[in-house]
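One structure is given here, and the rest of the page talks about it.
This one's a predicted model, so the numbers in the text were calculated from it and none came from an experiment.
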Amino acid sequence: SFPTRRSSDLEEVIFRGIIYRITEESLGTNLALIISALLFGLVHLFNEHANAISVISAAFGGILAGLLLSMTKRLWLPIFFHAGWNWAQASLGVAVSGIEELPGFIESRLEGPVLITGGAFGPENSVITVVFVLILSGMAYFLTLRRGNLRQKPVGK
């Protein structure tokens, strides 16, 4: 079902290819980032073991994916970034957005405080991931701005 077993490419087509692009066109980049990221984060609320940090982390991941789209004006970059992110976690044998039964190349178990390891939801529930994604988002925002790809809200709307 969609809430528990989503593919990263489908998520990116829906949240960046449709919602983000339409919102960016009508409201500008900054509001499109916020709106699409909040929706993206809220969808992750339905995943097993989700909590406030995992939803916030997913929302920040949505901001990063939106910026990757705005920076390059190509949907393939957020699709491959998202797929690579999920693949890397699954390959290392840790949960991906709360889904634990994915096959991996390595059998592993994260131990330590949930704020650091992400607990049963996986590394996406970690404050380390939130900080990492915020740093990448800052860099992507700077590059988007530098390339002149930051859209302003159209006048009169």
Side-chain angles (χ1 to χ4, degrees), residues 1-21 23-24 29-72 74-146:
S1 71
F2 183 73
T4 56
R5 292 189 186 264
R6 297 177 310 272
S7 65
S8 54
D9 56 343
L10 179 60
E11 285 182 340
E12 293 308 319
V13 168
I14 291 170
F15 289 98
R16 258 55 72 189
I18 298 171
I19 295 171
Y20 180 76
R21 283 190 180 185
T23 309
E24 184 183 38
T29 301
N30 292 330
L31 283 175
L33 287 169
I34 293 167
I35 292 168
S36 65
L38 286 175
L39 292 172
F40 185 69
L42 288 174
V43 167
H44 285 77
L45 186 60
F46 298 102
N47 291 14
E48 192 173 352
H49 308 294
N51 60 28
I53 293 175
S54 60
V55 171
I56 290 167
S57 179
F60 286 149
I63 288 174
L64 176 58
L67 286 166
L68 293 175
L69 175 60
S70 284
M71 184 175 68
T72 62
R74 302 286 185 266
L75 189 55
W76 67 264
L77 185 56
I79 287 173
F80 284 112
F81 181 85
H82 192 165
W85 178 270
N86 289 348
W87 180 85
Q89 290 176 97
S91 295
L92 295 173
V94 296
V96 178
S97 299
I99 302 170
E100 298 172 349
E101 67 272 2
L102 296 172
F105 296 121
I106 300 171
E107 188 174 318
S108 65
R109 190 174 89 217
L110 295 175
E111 292 186 10
V114 172
L115 282 175
I116 303 297
T117 66
F121 193 85
E124 294 169 304
N125 194 40
S126 164
V127 294
I128 293 171
T129 299
V130 172
V131 170
F132 176 68
V133 169
L134 283 173
I135 290 169
L136 289 177
S137 295
M139 293 166 51
Y141 194 87
F142 172 77
L143 291 172
T144 301
L145 188 62
R146 187 171 175 188

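Residues Tyr20 and Thr29 meet the side-chain proximity criterion, which asks for heavy atoms closer than 4.5 Å. Residues Arg21 and Leu75 meet the side-chain proximity criterion, which asks for heavy atoms closer than 4.5 Å. Looking at heavy atoms from C-beta onward, Ile63 lies in side-chain contact with Phe60 at the 4.5 angstrom threshold. You'll find the side chain of Pro78 stays beyond 4.5 Å of the side chain of Phe15, heavy atoms only. In this structure the side chain of Leu69 never reaches within 4.5 angstrom of the side chain of Leu77, judged on heavy atoms. Leu136 has its side chain out of reach of Leu67: every pair of non-hydrogen atoms, C-beta onward, lies at least 4.5 Å apart. At a threshold of 4.5 Å between non-hydrogen side-chain atoms, the residues Trp85 and Leu64 do not count as touching. For the pair Pro123/Gln89, a side-chain contact is recorded, criterion being any heavy-atom separation below 4.5 Å from C-beta on.
There is no side-chain donor-acceptor pair under 3.5 Å between Thr117 and Glu111.
When ring centroids are compared, Phe121 and His44 stay outside the 6.0 Å threshold.
The two residues Ile116 and Ser126 come nearest to each other via the heavy atoms O-OG, 2.7 Å. Between Ser57 and Glu124, the closest heavy-atom pair is OG-O, 2.7 Å.
Of the inter-residue distances, the one linking Leu31 atom CG with Ser36 atom OG reads 10.5 Å to the nearest 0.5 angstrom.
Heavy-atom neighbours of Phe81 CZ from other residues, nucleotides or ligands within 6.0 Å: above the threshold of 12.
Annotation: cation-pi geometry not satisfied between Arg146 and Tyr141 (NZ/CZ under 6.0 angstrom from ring centroid, within 45° of ring axis).
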